[in-house]
K.L.:
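Dumping the structure here so I can ask a few things about it.
One is the number of the first residue; the rest follow in order along the sequence.
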Amino acid sequence: MTQNNTALITGASSGIGRELAIQFADGGNDVVLVARSEDKLRELATEIESQFGQRATVITKDLSRPESVDQLCDELTHKSLTVDTLVNNAGFGALGKFAELSADRQTDMVMVNVVALTRLTRRLLPSMLQQNRGGVLNVGSIAAYQAGPNMAVYYATKAYVLSFTEGLREELSGTSLHVTCLEPGPTESGFGEDSGMGKLEMFSSTTMTAKAVARAGYEGYMKNEDVVIPGWKNRLMVTSAGFLPRIATRKLVGKMQSA
Ligand SMILES: NC(=O)c1ccc[n+]([C@@H]2O[C@H](COP(=O)([O-])OP(=O)(O)OC[C@H]3O[C@@H](n4cnc5c(N)ncnc54)[C@H](OP(=O)(O)O)[C@@H]3O)[C@@H](O)[C@H]2O)c1
């Protein structure tokens, strides 16, 4: 009996993660859905099982908790689940000055966007290497390419995601594993309202759908592309930023993000 490929998607309860879970299920993968909102995950699991006939397992976790990744891995072992593809998508942001935003929210952001992503990758990579198949799709942001005044921690976490993914990709270049960083720009999801960015002109005037972003990410991962930036406007923004000195891009972003 051949075992189905299994993709674990963090932040699968909403937005881009939800759509990525659907893409992977549509592509013939069983899925493990991880986030805090159990009801939303169960609803998605039912939809995936009836629409695509793939197994969908729900694991509820708060990834800002330091013990959450090890608990998640214990649950995978307990359920005899081997993960082939890890999609590190869970993440959030917060618009505001570093000194004014709460310390807890900003350190939780580092825990979810950086620490959980790193630990989960480290915990799940050995079995991928052993089987020499599968890989990692990390969800970063076009925020990775410059500093972000009035959202300094979020931009820094996404710079980490890009740098980590590129470094890991190079380390694994002699294997069959795929390693891809999906770098969305403004996207219709819960992120805009939750972070406060949704009210900014720079955000609301250029949004893409979560489905289109997820489709580009899934296809790029399947082709083992290193970086996927969905949408020509986002690609233009990143390319232009590359021509400007960092002091200029951060001043520009600071101006656009001043409420
Ligand atoms: N939307 C954009 O404009 C945009 C642009 C660039 C990059 N991104 C990135 O895309 C990724 C997905 O965001 P989205 O746009 O789809 O936003 P979203 O609709 O708000 O989804 C965020 C997901 O992350 C999960 N999550 C948040 N905190 C968590 C925690 N403590 N533990 C476990 N799961 C947690 C949420 O689930 P629960 O609340 O159920 O836990 C939800 O499923 C993020 O990494 C974000 O930084 C988004």
K.L.:
What distance do M237 atom CE and L252 atom CG have between them, rounded to the nearest 0.5 Å?
P.N.:
10.0 Å
K.L.:
Can you see which heavy atom on L44 is nearest to which on A12, and at what distance?
P.N.:
CD2-O, 3.3 Å
K.L.:
What do you reckon, is CD of Q71 surrounded by more than 12 foreign heavy atoms closer than 6.0 Å?
P.N.:
yes
K.L.:
Near E193 CD, under 6.0 Å, is it more than 12 heavy atoms from other residues, nucleotides or ligands?
P.N.:
no
K.L.:
Parallel, tilted or perpendicular for Y221 and H178, by the 30°/60° rule?
P.N.:
perpendicular
K.L.:
Might you point out which heavy atoms bring M151 and S195 nearest each other, and give the distance in Å?
P.N.:
CE-CB, 4.0 Å
K.L.:
Counting only N and O atoms by type, is there a donor-acceptor contact under 3.5 Å from the side chain of N234 to the main-chain atoms of I229?
P.N.:
no
K.L.:
Nearest 0.5 angstrom please: L33 CG to E38 CD, how far?
P.N.:
11.5 Å
K.L.:
What heavy-atom pair brings Q146 and I142 nearest, and what distance separates the two atoms?
P.N.:
NE2-O, 3.2 Å
K.L.:
Give a yes or no answer on whether the side chain of T206 reaches the backbone of S204 with a donor-acceptor pair at less than 3.5 Å.
P.N.:
no
K.L.:
Could you tell me whether the side chain of S163 and the main chain of A159 form a donor-acceptor pair under 3.5 Å?
P.N.:
no
K.L.:
How many angstroms lie between CD in E183 and OG1 in T165, if you round to the nearest 0.5 Å?
P.N.:
7.5 Å
K.L.:
Pair R119, D70 - check side-chain contact (heavy atoms from CB on, under 4.5 Å), show working.
P.N.:
CA-CA 8 Å; R119 191 165 182 88; D70 290 342; 2.9 Å; yes
K.L.:
Between R36 and S13, is any pair of side-chain heavy atoms under 4.5 Å apart?
P.N.:
no
K.L.:
Quick check against the 3.5 Å criterion: does D30 have a side-chain atom that pairs as donor or acceptor with the backbone of Q54?
P.N.:
no
K.L.:
Does any non-hydrogen side-chain atom of L76 lie less than 4.5 Å from one of I59?
P.N.:
yes
K.L.:
With a sphere of 6.0 Å drawn around CZ of R122, does it hold more than 12 non-hydrogen atoms of other residues, nucleotides or ligands?
P.N.:
no
K.L.:
Taking a hydrophobic cluster as the set of Ile, Leu, Val, Met, Phe, Trp and Tyr residues connected by side-chain heavy atoms closer than 4.5 Å, whether directly or through intermediates, do L117 and V136 fall within one such cluster?
P.N.:
yes
K.L.:
What pair of heavy atoms forms the shortest contact from V161 to G140, and how long is it?
P.N.:
CG1-CA, 3.9 Å
K.L.:
Could you tell me whether the side chain of R169 and the main chain of V179 form a donor-acceptor pair under 3.5 Å?
P.N.:
yes
K.L.:
Using the ring pair (Phe, Tyr, Trp, His ring centres under 6.0 Å) rule, pick out the option among F191, F98, F92, Y160 that qualifies with Y154.
P.N.:
F191
K.L.:
Is V110 reachable from Y155 through a run of hydrophobic residues whose side-chain heavy atoms are each under 4.5 Å from the next?
P.N.:
yes
K.L.:
Would a 4.5 Å heavy-atom cut-off, applied to side chains only, mark T57 and T6 as touching?
P.N.:
no
K.L.:
Specify the closest pair of heavy atoms between P184 and L182, including all atoms of both residues, with the distance to one decimal.
P.N.:
CD-O, 3.2 Å
K.L.:
If the threshold is 4.0 Å, N to carboxylate O, is there a salt bridge linking E219 and R215?
P.N.:
yes
K.L.:
Kindly indicate, with the supporting measurements, whether the criterion side-chain contact (heavy atoms from CB on, under 4.5 Å) is fulfilled by L8 and L81.
P.N.:
CA-CA 10 Å; L8 183 149; L81 285 165; over 6 Å; no
K.L.:
Does any N or O in the side chain of R105 come within less than 3.5 Å of the main-chain N or O of G93, such that one atom is a donor and the other an acceptor?
P.N.:
yes
K.L.:
With the 4.5 Å side-chain cut-off for hydrophobic clustering, are L120 and L129 part of the same group?
P.N.:
yes
K.L.:
For side-chain contact (heavy atoms from CB on, under 4.5 Å), just list the numbers for L177 and R133, CA-CA rounded to whole Å, side-chain angles, deciding distance to a tenth of an Å, and then say yes or no.
P.N.:
CA-CA 5 Å; L177 269 59; R133 69 167 198 202; 5.6 Å; no
K.L.:
Is V58 reachable from L86 through a run of I, L, V, M, F, W or Y residues, each pair having side-chain heavy atoms under 4.5 Å apart?
P.N.:
no
K.L.:
Check whether any side-chain heavy atom of Y218 lies under 4.5 Å from a side-chain heavy atom of D26, and answer yes or no.
P.N.:
no
K.L.:
Just by modelled atom types, is the A56 backbone N or O under 3.5 Å from a matching donor or acceptor in the E49 side chain?
P.N.:
yes
K.L.:
Side chains of D84 and N29: closer than 4.5 Å at any heavy-atom pair?
P.N.:
no
K.L.:
State, without any angle test, whether T121 and N88 hold a side-chain donor-acceptor pair at a distance under 3.5 Å.
P.N.:
yes
K.L.:
Should we count CZ of R55 as having more than 12 external heavy atoms under 6.0 Å?
P.N.:
no
K.L.:
Can you find a pair of side-chain heavy atoms, one from E19 and one from V213, that are under 4.5 Å apart?
P.N.:
no
K.L.:
Side chains of S68 and D62: donor-acceptor distance under 3.5 Å anywhere?
P.N.:
no
K.L.:
Once rounded to the nearest 0.5 Å, what's the spacing between atom OG1 of T175 and atom CE of M128?
P.N.:
10.5 Å
K.L.:
If you compare all heavy atoms of G134 against all heavy atoms of T85, which two are closest, and at what distance to 0.1 Å?
P.N.:
CA-OG1, 4.2 Å
K.L.:
When rounded to the nearest 0.5 angstrom, what is the spacing between OG1 in T209 and CD1 in I16?
P.N.:
9.5 Å
K.L.:
Please confirm whether the backbone N or O of T10 pairs with a side-chain atom of N89, one donor and one acceptor, at under 3.5 Å?
P.N.:
yes
K.L.:
Run the side-chain contact (heavy atoms from CB on, under 4.5 Å) test on M202 and M197 for me, step by step, so that the C-alpha distance in whole Å, both residues' side-chain angles and the decisive distance to 0.1 Å come before the verdict.
P.N.:
CA-CA 9 Å; M202 68 177 269; M197 278 200 94; 4.1 Å; yes
K.L.:
Partners of E75 by salt bridge (Lys or Arg N to Asp or Glu O under 4.0 Å), sequence neighbours excluded?
P.N.:
K61
K.L.:
Is there a donor-acceptor contact under 3.5 Å from the side chain of Q257 to the main chain of P149?
P.N.:
yes
K.L.:
Any non-hydrogen side-chain atom of V83 less than 4.5 Å from a side-chain atom of S127?
P.N.:
no
K.L.:
Is there a donor-acceptor pair closer than 3.5 Å between any side-chain N or O of T157 and the backbone N or O of V114?
P.N.:
no
K.L.:
When rounded to the nearest 0.5 angstrom, what distance separates CG in N113 from OG in S64?
P.N.:
10.5 Å
K.L.:
Quick one: do L101 and M109 end up in the same hydrophobic cluster if we chain Ile, Leu, Val, Met, Phe, Trp and Tyr together by side-chain heavy atoms under 4.5 Å apart?
P.N.:
no
